[in-house]
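Notes follow the structure.
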2 protein chains.
Amino acid sequence: MPRAATTTDAFNAVAEPKRRMIIDALARAGGALGVGAIVAALGLPQPTVSKHLGVLREVGLVSVERAGQHRVYRLCPEELKAMYDWLKQYEQMWTHQLDRIKQRAERMQRDAASRPHRTT
Amino acid sequence: MPRAATTTDAFNAVAEPKRRMIIDALARAGGALGVGAIVAALGLPQPTVSKHLGVLREVGLVSVERAGQHRVYRLCPEELKAMYDWLKQYEQMWTHQLDRIKQRAERMQRDAASRPHRTT
DNA sequence: CGATCATATGCCTTTATGGGAATATGTCAA
DNA sequence: TTGACATATTCCCATAAAGGCATATGATCG
């Protein structure tokens, strides 16, 4: 069985770095850009960008709107939120881990302060 | 050019749903499980689980530790944090969007209240 | 209408994937 | 040592991916 289609869900779509770049570019521009602007911003061939936009659209990460002969792609954050929610579930794992490291550092410092100085 | 390898980064590794299930199972168990336990928890064939664990390990999402004839896989949250950070960047997009919807609803309600009733 | 610009789509090739079944490696117990 | 057990590693297959390039569609202007 081959790998799941890139258009299966946001996870698969976003696995491709160029698609993440497109998302980043859209966000930097306030959420929406025309294809030409994306092509210019990323320096990628136009067909490449169009195909990636197609994938992003199919999974609902962006929407399109015709504007004359241009097409404006707009970021749809809901799908990103779904991924975010999955990851947020684990947030405490690294914050707790960092807490533990910090606490250990503080404890070591306290111990060092309350102990007679040693110079060697 | 084919798709980027699944072992390229956490994004690619996590695109496979079964690998996400493994991560979920590890988290539910407090962060670590033996292979057998994962196999039992997910009902997947053992070779399948081993291969997926191999991918997760290669991208640093889990670490292994030998324990006799068992092997304990432990979740490494740092790689998840990297993905989380990328997504967190967009957090305001959906919170703002919800704010806007809410504000619009309130405004409409205010307007309706301060306007003479109309019955048609 | 014809030309031009903006974008999408098709074709081709190379390559890694995930599943399944069988088997190899490695570890413990008697 | 031999054998049970736990896990990893093959091998094979069908499939879809992404890039490059050419071309099709579609809108606008003169």
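Keep in mind it's a predicted model, so treat the numbers as computed, not measured.
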- Looking for any heavy atom pair under 4.0 Å, which part of the strands does A:R57 touch: base, sugar-phosphate only, or nothing? nothing
- Protein-nucleotide distance (A:R19, atom CZ; D:dG19, atom C1'), rounded to Å: 13 Å
- Message: Between B:R3 and C:dT14, is there a contact of a side-chain N or O with OP1 or OP2 at under 4.0 Å?
- Response: no
- Please state whether the phosphate of C:dA8, meaning OP1 or OP2, lies under 4.0 angstrom from any side-chain nitrogen or oxygen of A:Y73. yes
- Query: Under the 3.5 angstrom rule, does the side chain of A:R20 hit a backbone N or O of A:V14 as a donor-acceptor pair?
  - Reply: yes
- Taking for each residue the nucleotide of DNA chain D bearing the nearest heavy atom, is the 5' side occupied by A:A4 or by B:V35? B:V35
- Length of the CG-C1' vector between A:L42 and C:dT7, whole Å: 16 Å
- Sugar-phosphate, base or nothing in reach of B:S50, heavy atoms under 4.0 Å: base
- Message: In terms of relative ring orientation, are B:F11 and B:W86 parallel, tilted or perpendicular, with 30° and 60° separating the classes?
- Response: perpendicular
Enumerate the protein-to-nucleotides 25-30 of chain C contacts in which both atoms are nitrogen or oxygen and the separation is below 3.5 Å.
residue	atom	partner	partner atom	Å
C:dT27	O2	B:Q69	NE2	3.3

- Any chain of hydrophobic side-chain contacts (each under 4.5 Å) joining A:V72 to A:I23? no
- Message: Rounded to the nearest 0.5 Å, what separates atom CD1 in A:I22 from atom CG in A:L53?
- Response: 4.5 Å
- Toward the 5' end of DNA chain C, by each residue's nearest nucleotide, B:A5 or A:H70: A:H70
- For the pair A:Q46 and A:S50, evaluate side-chain hydrogen bond (donor to acceptor under 3.5 Å, both in side chains) and give the outcome as yes or no after the intermediate values. CA-CA 6 Å; A:Q46 174 265 316; A:S50 271; 3.2 Å; yes
List every contact pair, protein side and nucleotides 19-23 of chain C side both N or O, where the distance is under 3.5 Å.
residue	atom	partner	partner atom	Å
C:dG19	OP1	B:K18	NZ	2.4
C:dG19	OP2	B:H52	NE2	3.0
C:dG20	O6	B:K51	NZ	2.7

- So, B:E78 and B:K81, do they make that salt bridge, N to O below 4.0 Å? no
- Item | Nearest-0.5 Å distance that lies between atom CG in A:L56 and atom OH in A:Y73 | 9.5 Å
